[in-house]
Amino acid sequence: MRREIDADFLANLFDRIAILLEIKGENPFKVNAYRRAAENLRRETRDIVELYKEGKLTEIPGVGKAIAQKITEILENGKLEFYDKLTAEIPERLLSLYEVPEMGPKRIKLVWEKLGIDSVEKLEKAALEGTLRSLPGFGPKIESKILEGIMALKERRLVSRYPLGEGWDLSRIIVNRLGEFEGVVFVSPAGSLRRMKETIGDLDILVAAENDTTNKIIKAFTDLEIVEEVLLSGPTKTSIRFKGGLQGDLRIVEPSRWGTALQYFTGSQQHNISLREIALKKNLSLSEYALTDKINNKEILCSSEEEVYEKLGMSWIPPEIREGTIEINLALEGKLPRLVEVGDIEGDLQMHSTWSDGKRSIKEMAEKAYALGRSYILITDHSQGLGIAGGLSIERLMDQWHEIDELNEIFEGKLVILKGAEVEVRTDGTLDYPDEVLERLDVVVAALHSNLRQDRGQLTERYIKAISHPLVHILAHPSGRLFGVREEANADWERIFKAAASSGTLLEINAHPSRLDLSEKKIRQAFNLGCKFVISTDAHDIHEQEYMFFGVAQARRAWLKRSDVANAQPLKSFLEQIKR
DNA sequence: GCCGTTTTCGGCCCGACTGTTTTCAGTCG
């Protein structure tokens, strides 16, 4: 059976084409065009086959006539003549060399043409025998770097991206430590961490400091006990590898250049390119150091990010949506929406107590919620079927209601504790409590924890059955993914989201850093199909209630506004909004 | 190969660092 052709398949193909064209020595702008098309295909939430049928492939940014034609050929014939011709000229197996650090298109072409090297094994052999250094531009240093790179590759030290939560904890340590250091004026995480991407490839830290202190700051950074090795170190830029494998980059700039530096270092790359193009149209050149007037060659320094955007004639853009897509034009027109903010969140609609697998009493959880400024919370201990998490029998659940009633009297309405449950959706799509019990809960949260690998069709029906149940208000952590443990469930998400939109069932954005579920892309897809959302922490301990900002960032990356998030409303409007 | 309130042709971001050089190419972000 032929493998399914979807946007990711096409994106991977165009990325491979880009590398092969690069090795061939093609026009770099053409190479870049394939990369941009690939990137935008990965972002696309609409179904590619549908777009093809409707003749709308060129609606995808970066996809013009030529690439649309190639997609069409693949969908119709299952193959691409252009690719066959290309790989007859530049063998596909050369792509494996591209994974080796220090090996770019020029060096791959050289070792292939001069030494017949077309595999990592042959490259390793040549490096070990010292024959690589005979090539122009190669020497002993590069040879050994390549060997180290191959080692890292074999030990799988290069491949992984890290969940945002891990990078976040690390960044706190570094920012706090460097912030105390003499001479440091500003310090901030940048890069994909500041943009709050779901996973980060490296950790970027930016420091503003006076010139004479930079050496000491670099040393303080590289001397941190969490640093494994220094990869490179110059006067303004240092790269290290943390214990555990994550790479970290430190950049130091003068305080007067903080704005352009923070903007540049936050990215994304595509966003930066767009900004620099806008600058050029205004006869300005933008770099991390300054805006430069191209006519008189004078620098315009920006000490804040807001100034950078202002001088380009745009409104400031939140880091979470800096992807070089529609945010650019909207900011130029001053039409960016106000995205949902942590301060908008009034209630937290999933948390656990010692009644099931939580670590704190309901009272402790409620006090923390009140301290965080919430006005309502929903207690969602597990239902009976999830024995592993101490699921509650119906009797125990009813006992819990007495405790909640008492606590509500104590809180006198300053915080309202709602009665809920995280009700298990059984393999056949039925719920783990009978309707008579569900009816007596304030809010019902349904969740799938087991058998997520069942047949795609059955799983989809199971989701839809749960979503369509008239007593279910919220579907918790819909895709079931757990970073590093479990992938998103394989189901027909378009059908599931349509069912949620039509029944009015709210989709949870689970803020826990191990989940961040729904993904950014699925939020956008669900939003476009008419769904509404809640953002919940799924806290099992008091400090985990602080993770709300992770979920809010996820929502912001998907462009959600306050009105799209049901728990960003006061209790009264929230209760009016939930169906029944 | 894509794209367009300065263009349907002629542009396409900008810099750090390293190793190999004798002024710069290659890789990386």
Side-chain angles (χ1 to χ4, degrees), chain A residues 14 17-19 21-23 25-40 57-71 82 97-111 132-146 149 158 190-192 200-204 206 218 230-240 247-253 257 260-261 263-292 294 312-313 324 328-329 332-333:
Chain A
F14 291 135
I17 289 176
I19 298 169
L21 289 175
E22 221 176 1
I23 296 171
E26 255 290 2
N27 175 357
F29 300 111
K30 186 191 278 192
V31 172
N32 195 241
Y34 280 98
R35 293 226 160 92
R36 279 177 103 137
E39 204 174 303
N40 286 308
L57 285 172
T58 53
E59 281 186 8
I60 303 168
V63 174
K65 259 178 93 173
I67 291 183
Q69 178 51 46
K70 289 185 173 68
I71 295 174
F82 170 81
L97 297 176
Y98 202 77
E99 305 297 318
V100 179
E102 308 295 324
M103 289 298 288
K106 299 283 164 58
R107 287 178 186 156
I108 292 174
K109 187 174 170 46
L110 196 64
V111 300
L132 274 189
R133 67 181 72 176
S134 65
L135 297 173
F138 281 80
K141 290 264 179 69
I142 291 195
E143 211 172 54
S144 67
K145 275 190 172 182
I146 286 172
L158 296 175
S192 49
I200 58 168
D202 61 7
L203 180 56
D204 301 313
L206 184 65
I218 290 173
V230 179
L231 300 173
L232 60 84
S233 188
T236 67
K237 180 181 171 178
T238 300
S239 290
I240 57 93
Q247 189 177 320
D249 293 331
L250 175 74
R251 281 291 282 270
I252 303 180
V253 297
R257 302 178 190 272
T260 41
Q263 192 291 311
Y264 158 75
F265 214 28
T266 298
S268 66
Q269 190 176 31
Q270 209 46 247
H271 179 88
N272 288 354
I273 289 173
S274 297
L275 252 52
R276 288 170 180 203
E277 284 170 353
I278 289 165
L280 286 174
K281 286 181 190 163
K282 293 180 180 294
N283 264 320
L284 296 165
S285 168
L286 175 62
S287 79
E288 58 263 54
Y289 297 109
L291 275 161
T292 305
K294 304 247 289 184
L312 294 176
I328 302 287
N329 280 334
L332 282 168
E333 295 164 11

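So you know, we letter chains A, B, ... as the sequences are listed, proteins then strands, and number each from 1. Computed from a predicted model, the values in this text were never measured in an experiment.
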With a 3.5 Å cut-off and sequence neighbours excluded, list the donor-acceptor pairs that the side chains of residues 274-285 of chain A form with protein atoms.
unit_1, atom_1, unit_2, atom_2, d
A/S274, OG, A/Q270, O, 3.1
A/R276, NE, A/L286, O, 3.3

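For the pair A/L206 CG and B/dG15 P, the computed distance is 17 Å after rounding to whole Å. Atom CG of A/L286 is separated from atom P of B/dC13 by 12 Å (rounded to the nearest Å). At whole-Å resolution of the value, CD in A/E26 and P in B/dC12 are 18 Å apart. With rounding to whole Å, A/E59 atom CD is found 16 Å from B/dC3 atom C1'. Between the CG atom of A/L250 and the C1' atom of B/dA16 there is a distance of 13 Å, rounded to whole Å. Spacing between atom CG of A/L275 and atom C1' of B/dG29 amounts to 17 Å, rounded to whole angstrom units. Rounded to whole angstrom, the span from the CG atom of A/D204 across to the C1' atom of B/dC28 amounts to 12 Å. As a whole-Å value, the separation of A/Y34 OH from B/dC12 C1' is 16 Å.
Remark: A/K65 pairs with no residue by the side chain to side chain contact (heavy atoms under 4.5 Å, CB included) rule, at least two apart or across chains. For the salt bridge (Lys or Arg N to Asp or Glu O under 4.0 Å) test, residues two or more places apart in sequence or in another chain that qualify with A/K109 are A/E113. Every side chain to side chain contact (heavy atoms under 4.5 Å, CB included) that A/Y98 has, sequence neighbours left out, goes to A/I19, A/E22, A/R35, A/P105, A/I108.
Less than 4.0 Å separates DNA chain B from at least one heavy atom of each of the following residues of residues 263-273 of chain A: A/Y264, A/Q269, A/I273.
Positionally, the nearest nucleotide of DNA chain B for A/A68 lies more toward the 5' end than for the other of A/D202 and A/A68. Of the two residues contacting DNA chain B, namely A/K294 and A/K281, the nearest-nucleotide position lying further toward the 5' end is that of A/K281.
As judged by a 4.0 angstrom heavy-atom cut-off over every strand, A/D249 is placed among residues making no nucleic acid contact. Among the atoms of the strands shown, only primed sugar atoms or phosphate atoms (P, OP1, OP2) are found under 4.0 Å from some heavy atom of A/T236. When heavy atoms are screened at a 4.0 angstrom cut-off, A/P28 is found touching no nucleic acid atom at all. The residue A/K109 sits apart from the nucleic acid: no heavy atom pair falls under 4.0 Å. Across all strands shown, A/L280 has heavy atoms under 4.0 Å from sugar-phosphate atoms exclusively, and none from any base.
Under the Watson-Crick or G-U wobble criterion, with both distances below 3.5 Å, B/dA16 is paired with B/dT27.
Under the 3.5 Å distance criterion, the side-chain polar atoms of A/N32 are left unmatched by any main-chain donor or acceptor of A/P28. A donor-acceptor distance shorter than 3.5 angstrom exists from the side chain of A/N272 to the backbone of A/Y264, with no hydrogens or angles considered. A/E102 places no side-chain N or O within 3.5 Å of a backbone atom of A/K145 that could act as its donor or acceptor partner.
For B/dC9 and B/dC14, the C1' atoms lie 25 Å apart once the distance is rounded to whole Å. The separation of B/dC12 from B/dT7, taken at their P atoms, amounts to 16 Å, rounded to a whole angstrom. Of the C1' atoms belonging to B/dT20 and B/dG26, the separation is 10 Å, rounded to the nearest Å. For the P atoms, the distance from B/dG1 to B/dT5 is 23 Å, rounded to whole Å. Atom P of B/dG4 sits at a distance of 15 Å from the matching atom of B/dC13, rounded to the whole Å. Annotation: B/dC2 and B/dT8 have their C1' atoms spaced 12 Å apart (nearest Å).
Of the candidates B/dG19, B/dC2, B/dG15, the closest approach to any side-chain atom of A/A66 belongs to B/dC2. Comparing B/dG1, B/dC14, B/dT6 by their nearest atom to the side chain of A/R276 picks out B/dC14. Closest to the A/L232 side chain, of the nucleotides B/dG1, B/dC17, B/dG15, is B/dC17. Distance from the side chain of A/K141 is smallest for B/dT20 among the nucleotides B/dG1, B/dG15, B/dT20.
Residue A/K30 places at least one side-chain N or O closer than 4.0 Å to OP1 or OP2 of B/dG1. Neither OP1 nor OP2 of B/dC17 sits under 4.0 Å from any side-chain N or O of A/S239.
A/I146 places a side-chain heavy atom less than 4.5 Å from the side chain of A/F138.
By the 6.0 Å contact criterion, CZ on A/R251 is enclosed, its count of non-hydrogen atoms from other residues, nucleotides or ligands being greater than 12.
Expressed to the nearest 0.5 Å, how far CG of A/D249 lies from OG of A/S239 amounts to 3.5 Å.
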Review point. When you look at A/H271 and A/I328, which way does the side-chain contact (heavy atoms from CB on, under 4.5 Å) test go after all the steps?
Key: CA-CA 8 Å; A/H271 179 88; A/I328 302 287; 3.7 Å; yes
Revision key, fill the gap. In B/S/- notation (B base, S sugar-phosphate only, - none; protein heavy atoms under 4.0 Å), nucleotides 22-27 of chain B written 5' to 3' is ----SS
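Under the 30°/60° scheme for interplanar angles, the aromatic rings of A/Y34 and A/F14 are found to be tilted.
For a distance-only test at 3.5 Å, the side chain of A/N27 qualifies as a donor-acceptor partner of the base of B/dG1.
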